[in-house]
Amino acid sequence: MFAKGTKRKFSDPGEEPALGAELGPVVRPLSSTYSLQRQSLLDMSLIKLQLCHMLVEPNLCRSVLIANTVRQIQEEMTQDGTWQIMTQALAAAQCPADRLVATEVLCRPSEALAAAQKEEEEEEVVVAAAMEEDVDSEANPLSSSSFLPAPFGAEPGWEDEEDDSEDEDSEECPSDAEDVPDSRRGDQVFGTFEIKHPAPPPDPALEELFSDVDPSYYDLDTVLTGMQSTPKMGPYDLLDSLSPHAAPALSTGTSCRSDLNELDHIMEIIS
Amino acid sequence: MAGPGADMQWCFSQVKGAIDDDVAEADIISTVEFNHTGELLATGDKGGRVVIFQQEIENKNLPQFRSEYNVYSTFQSHEPEFDYLKSLEIEEKINKIRWLPQKNAAQFLLSTNDKTIKLWKISERDKRPEGYNLKEEDGRYKDPNSITALRVPVLIPMDLMVEASPRRVFSNAHTYHINSISVNSDNETYLSADDLRINLWNLEITDRSFNIVDIKPTNMEELTEVITAAEFHPLHCNTLVYSSSKGTIRLCDMRESALCDKHSKLFEEPEDPSNRSFFSEIISSISDVKFSHNGRYMMTRDYLSVKVWDLNMENRPVETYQVHEYLRSKLCSLYENDCIFDKFECCWNGNDSVVMTGSYNNFFRMFERSQRRDVTLEASRENSKPLQVLKPRKVCAGGKRKKDEISVDSLDFNKKILHTAWHPQENIIAVATTNNLYIFQDKVN
């Protein structure tokens with residue numbers, strides 16, 4: 001029925017209120033179904049913000065609407081307290097320090113390797129697959145690319161991997177996760193996206209739940225501003241992180257981006 | 001023009017475009033517009049081309065064959081460009097075409113892509129001069145000394161040639177993507193609107209435009225609302241409206257100040273709290289706004305409905321028509337496949353008694369305002385026999401599906417009718433599917 005062949009049905013009339021259905025202002029069931037659906041919607045929205053057309057400037061209206069939707073979800077999750085829990089769990093679940101560590105992982109003792117591998121499962125996933133594959137979200141909504149706020153503020157110039165993990169079992173070599181630069185720091189469109197460090201010891205259940213998560217995607221501000229000023233950075237970042245052999249064009253990327261920001265500004269003035 | 005009564009029937013008249021199921025991207029129709037008399041019908045496509053059809057005034061003796069539209073002119077309006085500073089392509093897709101009222105023998109229209117507006121002159125040539133005696137057969141000029149008399153050339157008829165030439169190019173005024181153009185009733189100026197700004201142009205002047213609306217925040221990170229459509233009032237040259245992605249319409253009076261950031265009127269319907277969901281804002285985003293011909297009303301299209309507003313009443317529309325309410329329970333899926341961002345247009349008939357808009361599965365809907373009657377029709381090759389009467393269609397939202405009904409799950413969301421147009425004087429409509437243009441007319445008995 002739908003263009004992308006989705007089998008996901010969020011709104012069976014017989015079930016509890018779905019995301020698209022009417023939700024009274026007060027009655028907001030925090031059932032796990034609702035939470036999972038909401039989480040899935042959040043993930044989907046974040047992918048959409050990243051997946052902009054590579055050659056043509058992305059549609060600003062669409063981006064703004066999606067970003068507003070994410071903000072709504074995030075606000076609701078903050079009210080629920082769910083947001084705090086999630087960000088803390090995620091912060092703990094992954095190496096809070098710089099991603100460069102990932103390349104050393106192979107040299108490290110095994111538990112570090114295991115920890116790093118858990119979070120580096122998203123490489124090589126074709127971006128298009130995120131949209132077109134039939135993700136069985138009801139079974140495991142978080143597998144469809146749950147992304148977390150980057151621990152930014154920590155490592156300027158580090159860009160996190162951006163792929164969503166369709167296949168939780170994909171054992172990608174952690175060294176494939178080359179970090180492509182993206183100055184996702186500081187700029188806070190949605191300020192509450194920032195993770196606070198240090199994090200409490202991870203709950204193993206939650207950790208497993210979020211194990212395949214990539215923290216970069218919740219960095220909405222950079223996504224949005226990136227798209228407006230340097231739209232091409234976003235998808236190329238994605239491409240770079242997709243390729244296992246992509247060289248980390250760290251500094252060039254960052255400076256390109258700020259240059260393009262400036263250029264954009266200048267163009268506006270002179271046009 | 002007779003108003004369409006309940007027993008008004010629509011017949012297939014013509015279909016233009018390739019029959020292939022395999023649609024070439026460049027052939028996707030992106031805009032449809034009748035001129036002010038209805039004699040000309042222009043379409044723009046994703047490949048940057050404009051095709052103009054002309055109504056043949058023939059067959060007056062056979063009233064059931066109301067005049068057909070045939071190709072009048074085809075030209076390449078816009079070419080793809082590359083923005084080197086941003087490393088981005090600028091699409092050649094024609095976003096909008098607007099005709100200028102005819103002043104002389106030639107026709108003029110404005111066509112725009114994301115960044116540049118062009119004024120095109122379409123003129124006819126059906127005579128050519130012949131009988132010069134100044135040149136040889138091969139075109140070389142004769143030796144002046146050999147010419148003893150001057151022969152005045154005579155205009156002789158030739159096959160009709162329609163020429164389109166770009167008369168003005170209005171560029172470099174929009175940082176964001178142009179979504180609307182609208183010619184002012186003064187016939188001297190027009191507006192162009194992008195996501196964040198609206199500019200006012202003089203048709204004669206291409207190197208200058210005035211910015212009249214600017215909603216760009218100082219800090220782009222605070223951006224939460226964009227302009228989605230804009231239009232000049234059909235009669236009052238100082239009045240314009242623009243709609244937003246948050247479902248509001250602002251009416252501005254250009255006499256108040258140079259920069260119309262402060263609206264004169266704000267039209268917004270309070271949200272129904274029982275319908276609130278994460279998708280509420282997205283489906284409230286207005287995709288099109290059109291004044292009625294008499295200038296008393298305006299119509300807006302959001303994802304699920306068409307609303308008619310009285311310009312004197314800001315707090316709610318006077319009429320709301322549900323286009324495809326059965327999609328409300330499918331919003332999450334439609335968000336996933338991006339259909340929720342589809343921008344449907346809407347249009348009035350000539351005497352403002354009926355409004356029309358498109359839907360999915362190549363369905364389109366008409367709402368008769370006074371009788372509160374509506375009908376769903378389909379544009380398809382199967383119903384394309386000459387003068388075949390269109391059968392009303394019905395979508396079954398749930399429960400038992402009756403015969404001839406189609407269930408929501410069977411709808412083809414790839415077949416969307418985004419662009420429709422109604423002849424300004426007659427009951428002739430142009431409906432664009434992905435790459436075909438259908439022309440329907442009412443059944444003349």
Side-chain angles (χ1 to χ4, degrees), chain A residues 1-6 8-13 17-25 37-38 40-41 44-45 48 53-57 59-69 71-73 76 131 135 187-190 221 224-225 228-232 260 263-264 266-268 270-271, chain B residues 82-83 85-91 114 171-177 179 194-196 216 219-228 245-246 272-282 285 287 328-341 343 398 408-414:
Chain A
M1 145 174 120
F2 294 119
K4 311 268 168 123
T6 178
R8 200 188 315 201
K9 300 231 187 300
F10 279 117
S11 42
D12 285 324
L19 289 172
E22 300 74 7
L23 295 169
Q37 287 181 347
R38 182 175 61 183
S40 191
L41 180 64
M44 199 198 309
S45 305
K48 283 180 181 295
H53 293 288
M54 320 231 316
L55 297 172
V56 184
E57 208 165 351
N59 187 332
L60 185 62
C61 181
R62 179 176 172 274
S63 308
V64 166
L65 288 173
I66 298 172
N68 290 350
T69 307
R71 199 206 312 243
Q72 265 187 64
I73 298 174
E76 192 181 281
M131 300 303 288
V135 176
D187 325 314
Q188 302 267 345
V189 175
F190 309 103
D221 59 335
L224 196 56
T225 47
Q228 281 139 27
S229 55
T230 59
K232 213 144 196 232
L260 285 169
L263 277 173
D264 190 56
I266 292 170
M267 280 310 292
E268 274 190 62
I270 63 180
S271 65
Chain B
F82 196 77
D83 180 338
L85 285 176
K86 292 187 191 174
S87 279
L88 291 170
E89 274 188 14
I90 299 171
E91 278 191 317
D114 285 337
S171 53
N172 295 324
H174 287 280
T175 311
Y176 303 97
H177 291 179
N179 53 52
D194 66 29
D195 295 313
L196 298 178
K216 180 172 190 265
N219 187 356
M220 274 297 272
E221 288 146 14
E222 290 160 21
L223 179 67
T224 57
E225 190 174 10
V226 300
I227 296 171
T228 52
S245 56
K246 286 196 171 167
D272 178 4
S274 66
N275 265 344
R276 176 120 190 87
S277 75
F278 284 119
F279 305 109
S280 294
E281 185 183 312
I282 300 179
S285 174
S287 51
R328 193 180 286 273
S329 58
K330 309 284 180 190
L331 290 179
C332 205
S333 303
L334 293 165
Y335 178 72
E336 187 178 9
N337 65 15
D338 265 13
C339 282
I340 208 174
F341 300 107
K343 291 194 189 297
V408 183
D409 295 325
S410 310
L411 295 174
D412 188 340
F413 287 83
N414 283 324

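It should be emphasised that the depicted structure is a prediction, and the values quoted were computed from it without experimental measurement. These values consider heavy atoms only, across backbone and side chains, with no hydrogens, waters or symmetry-generated copies. Residue numbers start from 1 in every chain, and the chains themselves are labelled A, B, ... in the order their sequence lines are given, proteins ahead of strands.
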Q. Given a strict heavy-atom distance threshold of 4.5 Å, which part of Ile227(B) is in contact with chain A: side chain, backbone, both, or neither?
A. neither
Q) Checking Lys48(A) side chain against Ser63(A) main chain: does a donor-acceptor pair fall under 3.5 Å? A) no
Q: Kindly write out the residues that satisfy side-chain contact (heavy atoms from CB on, under 4.5 Å) with Gln72(A), not counting sequence neighbours, or none if the list is empty.
A: Arg276(B), Phe278(B), Glu281(B)
(Q) Under a 3.5 Å distance rule, please check whether Asn68(A) uses its side chain to pair with a backbone N or O of Thr224(B) as donor and acceptor. (A) yes
**Q.** Portion of Thr228(B) that has a non-hydrogen atom of chain A nearer than 4.5 angstrom
**A.** side chain
Q | Most contacts with chain B, counted as non-hydrogen pairs under 4.5 angstrom, among Thr69(A), Ile73(A), Leu65(A) | A | Leu65(A)
Q. Does any heavy atom of chain A fall under 4.5 Å from the side chain of Ser245(B), the backbone, both, or neither of them?
A. both
Q | Residues that Glu225(B) engages under salt bridge (charged side-chain N to carboxylate O under 4.0 Å, His left out), provided they are two or more places apart | A | Arg250(B)
